[in-house]
Number of protein chains: 2
Amino acid sequence: MTARVRDIRQAFGAERMTAQRETLARVAGAMGGAFTIDDLAAEVRKREITLGLATVYRGVAALERTGWLERVGERDGSALFARCRAGGHHHHLICTGCGRIEAADCPLEEIVGPAESATGFVVTGHEITLYGLCPDCASAQRD
Amino acid sequence: MTARVRDIRQAFGAERMTAQRETLARVAGAMGGAFTIDDLAAEVRKREITLGLATVYRGVAALERTGWLERVGERDGSALFARCRAGGHHHHLICTGCGRIEAADCPLEEIVGPAESATGFVVTGHEITLYGLCPDCASAQRD
DNA sequence: TTTACTGCAAACAATTTGCACTGCA
DNA sequence: TGCAGTGCAAATTGTTTGCAGTAAA
C-alpha cells in the first residue's frame, strides 16, 4: 500500500524535489483513502515533521498538477484528495465514515449522450463522485 | 419560466413567509439556470430591493431545506444553486467557455446500483458534473 | 549561481454567527 | 404578543499570497 521509492521520485515530475516534498508524497501515498489538507498535515505532524501549511497546500497542488494526486470531492467545505491507482477512466466512492475510497466504473455513454442531445452541449469532460458508507462503516452503524 | 404565485407561497414550506423571502424565491425562480449567492443578490439589487447578504444566505438555506432550491456544484469557490424539478435526479453541464450551466435528467440508478453491488458501499449522496461547451461557445470555437 | 521551494504571517473570499430589532402569524 | 426572520458587523474557515531566507540543480 505504501508508495515505493520510484513513485515518490516521480511524484513531482520535472519539478524540484525537496525533503518536504518527499515527506508529503510519502505520507500522502500512505493515507489509504481520501483526505483533506488538514488530515495530511496532521499525519505529517505525527511523524514529528514540521511543514508550513502553505507548503502542504503548494505541494498538494503540485502533486495534483502531475496527476500523482487527484481531487476527489469535498468534505465539510474542505477539498478532498486521494492517490488513486486505478488506471483508465473511473470515478470514486468515498466512505463518509472512514474516508475509504473505491473506484467505480463510469457509465459515461448512458449519461452523456442524452445530455448532449437535450442541451446541445458538447461534453468534453466530467466529474462523478459518490458518497456513502463502506461495508464496514455500514455494519458498524447498524449496531 | 417564471415561478408562479403558488410556487412562491410553498417555497418555504411551513416556515414563515416574509417580504424578503418572497423576493428571494421569486428572483431565484426567475434565474433560469444555476447561480451563486452573489448572482442572486445582484439580481435582487437590480430590482431596487435591498437584502442583507446574511438574509440571502439564510433564505437560500431555507429554500434548500424545503427542496425548492438545490445545491448543484460550485464555481470559483462559490456554491452554485438552481431551482430544479422536485424529486427527479438530474446532473449538470458546465460550459467551460462561458460558465453557463444547464441541467439535464440523469438516470442515477444506473450509476449507483452497479457501484453499490461492486463495492458493497451504501451510497448516500453524489456529485455529478459534466464539462463541455454550450452551443454558443461550440460554434464560436469553430470560427 | 540561479531560482524554485519554504515558512511565516498577512491577505482573502465565502460563509456563518451574535445580537438587538422588526414584523409575520 | 411571541418568536422566527432581518440586518449589520464581527468572527470563522479554508485557501492563497508576499517576501525574505534556504537549498536543489
Side-chain angles (χ1 to χ4, degrees), chain A residues 5 8-28 34-45 47-66 68-69 71-82 99, chain B residues 5 8-28 34-45 47-66 68-82 99 127:
Chain A
V5 175
I8 301 296
R9 289 226 182 97
Q10 301 182 338
F12 287 91
E15 295 186 37
R16 192 170 292 183
M17 175 57 75
T18 64
Q20 292 92 330
R21 288 184 155 199
E22 180 176 339
T23 298
L24 222 41
R26 197 176 296 284
V27 173
F35 55 86
T36 63
I37 294 284
D38 237 40
D39 295 337
L40 183 57
E43 199 59 38
V44 167
R45 248 175 273 123
R47 309 270 217 280
E48 326 253 290
I49 302 170
T50 304
L51 285 191
L53 197 50
T55 301
V56 180
Y57 272 99
R58 285 187 278 225
V60 167
L63 288 170
E64 207 189 342
R65 227 177 287 136
T66 66
W68 204 82
L69 277 184
R71 191 184 170 142
V72 296
E74 72 161 52
R75 176 168 64 209
D76 300 328
S78 306
L80 274 179
F81 298 87
Chain B
V5 175
I8 301 296
R9 290 224 179 96
Q10 301 182 337
F12 288 91
E15 295 186 36
R16 193 171 291 182
M17 176 56 75
T18 64
Q20 291 93 329
R21 288 184 157 201
E22 180 175 339
T23 298
L24 223 42
R26 196 176 298 283
V27 174
F35 53 88
T36 63
I37 294 285
D38 238 40
D39 295 336
L40 182 57
E43 199 59 37
V44 167
R45 248 175 273 123
R47 308 270 217 279
E48 326 254 288
I49 303 169
T50 303
L51 285 191
L53 196 51
T55 301
V56 179
Y57 272 100
R58 284 186 279 225
V60 167
L63 288 170
E64 207 188 341
R65 225 178 287 135
T66 65
W68 204 82
L69 277 184
E70 200 189 336
R71 191 185 170 141
V72 298
E74 70 163 52
R75 176 167 65 208
D76 299 329
S78 306
L80 276 178
F81 297 88
E127 255 171 34

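Within every chain, numbering begins at 1; the chains are lettered A, B, ... in the order of the sequence lines, protein sequences first and strands thereafter. Remember, predicted model here, so these are calculated numbers, not experimental data.
Taking atom CG of A:L24 as the reference point, atom C1' of C:dG7 lies 14 Å away to the nearest angstrom. In this structure, A:F81 places its CZ atom 11 Å from C1' of D:dG14, rounding to the nearest Å. Distance, A:R9 CZ to D:dA25 P: 11 Å, rounded to whole Å. Whole-Å rounding puts the A:L40 CG to D:dG14 P distance at 15 Å. Protein atom CD of A:E22 is 16 Å distant from nucleotide atom C1' of D:dA25, rounded to whole Å. Atom CG in B:D76 sits roughly 14 Å away from atom C1' in C:dC12 (whole-Å rounding).
For A:Y57, no side-chain nitrogen or oxygen approaches OP1 or OP2 of D:dT16 to under 4.0 Å.
Using a distance-only test at 3.5 Å, with no hydrogens or angles considered, no donor-acceptor pair links the side chain of B:R71 to the main chain of B:A79. At least one donor-acceptor pair under 3.5 Å links the side chain of B:T66 to the backbone N or O of B:A11.
Closest heavy-atom contact between B:S78 and B:T36: CB-CG2, 4.0 Å. When all heavy atoms are compared, the tightest approach of B:A34 to B:A82 is CA-CB, 3.9 Å.
Expressed to the nearest 0.5 Å, how far CG of A:L24 lies from OG1 of A:T55 amounts to 8.5 Å. The distance from atom CD of B:Q20 to atom CG of B:L51, rounded to the nearest 0.5 Å, is 6.0 Å. In this structure, CZ on A:R21 lies 7.5 Å from CG on A:L63, to the nearest 0.5 angstrom. From B:F35, atom CZ reaches atom CG of B:L69 across 4.5 Å, with rounding to the nearest 0.5 Å.
Exactly one residue among A:R58, A:R9, A:R65 makes a salt bridge (Lys or Arg N to Asp or Glu O under 4.0 Å) with A:E15. That residue is A:R65.
Comparing the helix axis at one end of the helix from C:dT1-D:dA25 to C:dA25-D:dT1 with that at the other, each defined from 5 consecutive pairs, gives an inter-axis angle of 40° (nearest 10°).
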So which protein nitrogen or oxygen atoms get under 3.5 Å of nucleotides 5-7 of chain D's nitrogens or oxygens?
residue, atom, partner, partner atom, Å
D:dG5, OP1, B:R16, N, 3.3
D:dG5, OP1, B:R21, NH1, 3.0
D:dT6, OP1, B:T18, OG1, 2.9
D:dT6, O3', B:Q20, NE2, 3.0
D:dG7, OP2, B:G52, N, 3.2
D:dG7, OP2, B:T55, OG1, 2.3
D:dG7, N7, B:R58, NH2, 2.9
D:dG7, O6, B:R58, NH2, 3.2

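Residue-level contact check: A:A79 touches the backbone only, with heavy atoms under 4.0 Å from sugar-phosphate atoms and none from bases.
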